[in-house]
Amino acid sequence: MTTSKKPFDPRSIRKALGLNQQDFWSRIGVTQSGGSRYESGRNMPKPVQELLRVVHVEGIDLAQIQRNDLQIINHLRLNKPELYDRLLEEALSE
């Protein structure tokens, strides 16, 4: 039997951010009690893992992202990779 290793520890991330369970989990649409179960070792569904990564590890505010933003990003990546790379470099240097 193989066991899958969790890519991150949600409790450690939450504590490093200085958030209580309610604030931490509500930002990704999970109840405090559900988050508590994940922190205690219950398997976390992949969509919840990804939301946790995007919001709390990457620091992306989902409320600021619109569908058009994602379409533009994908268009630039596929059709104008040089422009995408330049814009990314400029954004990261700010």
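Please read all numbers here as calculations on a predicted model, not as lab measurements.
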May I ask you to decide if P10's main-chain N or O and E39's side chain share a donor-acceptor pair within less than 3.5 Å?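 Absent.
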
Under 3.5 Å, is there a donor-acceptor pair between the side chain of R14 and the main chain of L19?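 Confirmed, R14 side chain pairs with L19 backbone.
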
Is there a donor in the side chain of Q22 and an acceptor in the side chain of Q32, or the other way round, less than 3.5 Å apart?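 No - no donor-acceptor pair under 3.5 Å links their side chains.
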
What is the distance from atom [atom1] of [X] to atom [atom2] of [Y], rounded to the nearest 0.5 Å?
X	Y	atom1	atom2	value
L83	L76	CG	CG	5.0 Å
W25	S33	CH2	OG	11.5 Å
K80	R86	NZ	CZ	11.5 Å
Q49	L51	CD	CG	10.5 Å

Under 3.5 Å donor-acceptor pairs involving side-chain atoms of residues 57-64, not counting sequence neighbours:
unit_1	atom_1	unit_2	atom_2	d
E58	OE2	R53	NH1	3.3
D61	OD1	A63	N	3.1

Closest contact, heavy atoms only, V48 versus Y38: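 It is CG1-CE1, 4.0 Å.
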
How close do N20 and D23 get, heavy atom to heavy atom, and via which atoms?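 Between these two residues, the closest heavy atoms are OD1-N, 2.7 Å.
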
Ignoring hydrogens and angles, write down the donor-acceptor pairs under 3.5 Å from the side chains of residues 65-74, residues two or more places apart or on other chains.
unit_1	atom_1	unit_2	atom_2	d
D69	OD2	Q66	N	2.9
N74	ND2	L70	O	3.3

ILVMFWY cluster, L87 and L78 together (side-chain gap under 4.5 Å):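 Unlinked, L87 and L78 end up in two clusters.
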
Tell me, with the steps shown, if Q21 and S26 meet side-chain contact (heavy atoms from CB on, under 4.5 Å). CA-CA 8 Å; Q21 286 183 337; S26 67; over 6 Å; no

How would you list all residue pairs meeting ring-ring contact (aromatic ring centres under 6.0 Å, His included) that involve residues 39-67, not counting sequence neighbours?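 Listed once each, the pairs are F24-H56.
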
